[in-house]
Peer 1: 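Before I ask anything, let me first share the structure, which is written out below as structure tokens.
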Amino acid sequence: MTMARQSILEETRRILALAWPVMLTSLNWTILSVTDIVVVGLTGTDQVAAFGASRALTFITIVAGLAWLSGVLVFTARADGAGELRRTGATLREGLVLAGLLGLAGALGFGLYAAPLLAMIGVAPALVDPAAAVVRVMALAYPAQMISIAASFFLEGISRPRRVTVVNLATLPINALLAWALADGHLGAPALGAVGAAAATAIASLLGAAGMLAVAWTTRDAQAREIRVMTLSAWRAAVPGAVRLARFGAVPAIASGLELAGFSILIALSTDLGPVTAHAFQIVFSLHNVTFGAAVGLASAAGVRVGNAIGEGQPARVRFRALIAAGLAAGVTGLLALGILLVRGPIVGAFPAAAGVHAAALAMLPVWVPFILFDGVQLVFVYALRSLGDQIVAGANSILAFFVVTGGLGWMFVTHGVGPLGLVYASGLGMVAATILHGARFLWVSAAARPRNSAPDPSH
């Protein structure tokens with residue numbers, strides 16, 4: 001075996017070892033989402049439409065929060081690669097401070113202004129009030145969700161993603177049981193429909209955050225990393241670092257929010273095409289989240305390995321590591337796409353739905369499936385660019401691809417009578433645009449083999 005081939009195999013194994021637990025974690029989030037759709041589907045198409053419309057807001061802010069906290073992963077991985085263990089624990093505290101502030105802001109904002117925000121983004125008037133009720137319940141979980149994200153990014157950054165997976169998988173049956181009980185009125189609980197499913201997710205999120213903090217606290221070498229340092233002076237010292245993390249993540253957060261806004265425009269447009277189309281699009285969107293979860297795992301691994309390379313003082317390894325992750329993402333998402341295409345009938349049929357919904361979803365899927373591969377590859381490049389400190393240009397490219405291309409084409413296709421398939425074409429073409437833009441930018445930046453743009457280490 002040549003040295004080059006051995007190096008590729010070793011890096012591939014390292015990336016997969018980091019990626020598969022994150023894939024399971026992302027799959028857990030997807031299963032939570034699909035469970036809610038399935039359970040709410042048992043209560044009626046109108047409830048699914050309300051639940052789907054609520055996501056036009058909640059998905060944006062959750063994804064924006066993920067991106068705003070991305071500095072925790074980047075700087076933890078860099079510090080870990082450099083062997084600065086105490087710095088990793090300090091980054092965790094800084095991330096928790098930022099997470100708490102973001103969570104409180106989200107809870108207050110959506111708690112007070114859910115209805116006007118839904119109306120502003122174009123949700124059908126008849127769905128604004130029921131969707132707002134769902135959003136207000138989900139808002140209660142925002143602080144816990146942000147704290148859980150910060151802790152999970154820390155654990156991924158120190159190459160301990162399995163602990164994240166354990167916590168998230170443990171919350172899955174809790175959410176499923178609570179959603180079944182609260183949405184459809186089982187076990188003596190009131191039948192709350194979409195609001196009940198949201199309440200189940202909120203409760204599961206609170207438990208998940210507690211579990212995530214516990215596994216971070218008990219991780220191996222916690223003492224060396226100073227994870228358990230809870231003094232007032234340590235938390236005061238974390239505030240400036242939290243501000244710097246917020247500055248690092250601001251552009252990715254805006255970009256991710258606008259990226260999801262493009263998809264939220266599609267969700268809102270689907271409600272204008274009627275409840276059958278809205279429900280069908282929710283099924284397709286849920287399946288998209290399954291494939292996207294696999295891509296998130298490989299993207300996270302790419303971000304960690306690129307960050308490690310910077311911390312190790314080996315920036316020349318950046319392109320090598322990221323391109324292996326991109327190839328793996330293409331292969332994994334391509335296989336998932338083929339599987340969905342071959343058994344799309346039974347998959348769609350597993351979602352409870354009113355007459356006509358399954359047929360509408362089955363018409364969308366064959367058009368959408370070929371685009372899955374692009375979505376996985378572009379995400380790997382995004383994470384690699386963030387770890388290189390090029391998050392500003394990466395953010396601008398994401399806005400162009402998903403807000404301008406996806407949102408703009410969706411509006412144009414639907415208003416010009418393309419119908420439900422217009423939603424799929426708009427989504428897929430945005431993924432292609434993102435792959436081209438992020439891929440070209442990564443090749444340009446990695447050629448110089450050095451960090452770019454506004455990525456100061458919070459320790460300085």
Side-chain angles (χ1 to χ4, degrees), residues 1-23 26 70 73-74 77-78 80-81 156-157 159 161 252 255 291-338 370-398 401 430-453 455:
M1 182 183 294
T2 65
M3 291 294 293
R5 184 180 179 187
Q6 182 178 358
S7 181
I8 292 172
L9 290 176
E10 288 177 355
E11 186 61 35
T12 298
R13 284 194 291 268
R14 183 70 181 268
I15 288 172
L16 289 175
L18 291 170
W20 75 259
V22 182
M23 289 182 186
S26 298
S70 60
L73 175 66
V74 170
R78 287 189 182 184
D80 202 52
E156 291 169 22
S159 300
T291 62
F292 192 73
V296 168
L298 289 160
S300 173
V304 171
R305 294 300 289 147
V306 169
N308 289 161
I310 299 300
E312 293 162 358
Q314 299 184 47
R317 303 289 290 174
V318 163
R319 180 180 285 194
F320 171 72
R321 294 177 179 182
L323 289 181
I324 289 176
L328 290 170
V332 171
T333 53
L335 288 174
L336 288 172
L338 180 61
F371 294 109
I372 294 175
L373 183 147
F374 295 96
D375 206 24
V377 174
Q378 67 88 19
L379 192 65
V380 167
F381 289 138
V382 168
Y383 274 63
L385 287 168
R386 288 177 183 171
S387 288
L388 282 167
D390 198 54
Q391 77 278 10
I392 292 178
V393 175
N397 284 339
S398 290
M431 297 173 192
V432 173
T435 303
I436 294 171
L437 291 170
H438 291 311
R441 180 63 183 178
F442 174 76
L443 292 176
W444 175 272
V445 173
S446 62
R450 62 182 176 86
R452 300 283 186 92
N453 284 349

Peer 1: What pair of heavy atoms forms the shortest contact from Leu18 to Val22, and how long is it?
Peer 2: O-CG2, 3.5 Å
Peer 1: Can you check whether Val296's main-chain N or O pairs, donor with acceptor, with Ser300's side chain at less than 3.5 Å?
Peer 2: no
Peer 1: Quick check on side-chain contact (heavy atoms from CB on, under 4.5 Å): which of Thr333, Leu336, Ile372, Asp375 does Phe292 satisfy it with?
Peer 2: Asp375
Peer 1: Do Gln378 and Ile436 make a side-chain contact, defined as non-hydrogen atoms from C-beta onward lying under 4.5 Å apart?
Peer 2: no
Peer 1: Between Arg319 and Ser446, which heavy-atom pair has the shortest distance, and what is it?
Peer 2: NE-OG, 3.0 Å
Peer 1: So, applying side-chain contact (heavy atoms from CB on, under 4.5 Å) with Ser387, which one of Val306, Leu73, Val382 is it?
Peer 2: Val306
Peer 1: Would you say the side chain of Leu323 lies within less than 4.5 Å of the side chain of Phe381, judging by non-hydrogen atoms?
Peer 2: yes
Peer 1: For Gly389 versus Arg78, what's the shortest heavy-atom pair and its separation?
Peer 2: N-NH2, 3.8 Å
Peer 1: Is a donor from one side chain sitting under 3.5 angstrom from an acceptor on the other, for Ser7 and Arg317?
Peer 2: yes
Peer 1: Any side-chain heavy atom of Leu298 within less than 4.5 Å of one from Met23?
Peer 2: yes
Peer 1: Closest approach of Glu156 and Pro161, non-hydrogen atoms and distance?
Peer 2: CG-CB, 4.2 Å
Peer 1: Quick check: do Asn308 and Arg321 have side-chain heavy atoms less than 4.5 Å from each other?
Peer 2: yes
Peer 1: Could you check whether any side-chain heavy atom of Phe442 comes within less than 4.5 Å of a side-chain heavy atom of Val318, counting everything from C-beta outward?
Peer 2: yes
Peer 1: Hey, could you give me the CZ/CG distance between Arg441 and Leu385, rounded to the nearest 0.5 Å?
Peer 2: 7.5 Å
Peer 1: What are the two closest non-hydrogen atoms of Val377 and Ala329, and how far apart are they?
Peer 2: N-CB, 4.3 Å
Peer 1: Does a side-chain heavy-atom distance below 4.5 Å link Leu328 with Leu16?
Peer 2: yes
Peer 1: Would you check if Ser70 and Gln391 make a side-chain contact, meaning some heavy-atom pair closer than 4.5 Å?
Peer 2: no
Peer 1: What closest approach, in Å, do Ala255 and Ser398 show between heavy atoms, and which atom pair accounts for it?
Peer 2: CB-CB, 4.3 Å
Peer 1: Determine, step by step, whether Leu9 and Arg13 satisfy the side-chain contact (heavy atoms from CB on, under 4.5 Å) criterion, reporting the C-alpha distance in whole Å, the side-chain angles of both residues, the deciding distance to 0.1 Å, and the verdict.
Peer 2: CA-CA 6 Å; Leu9 290 176; Arg13 284 194 291 268; 3.9 Å; yes
Peer 1: Within a radius of less than 6.0 Å around CZ of Phe371, do more than 12 heavy atoms belonging to other residues, nucleotides or ligands occur?
Peer 2: yes
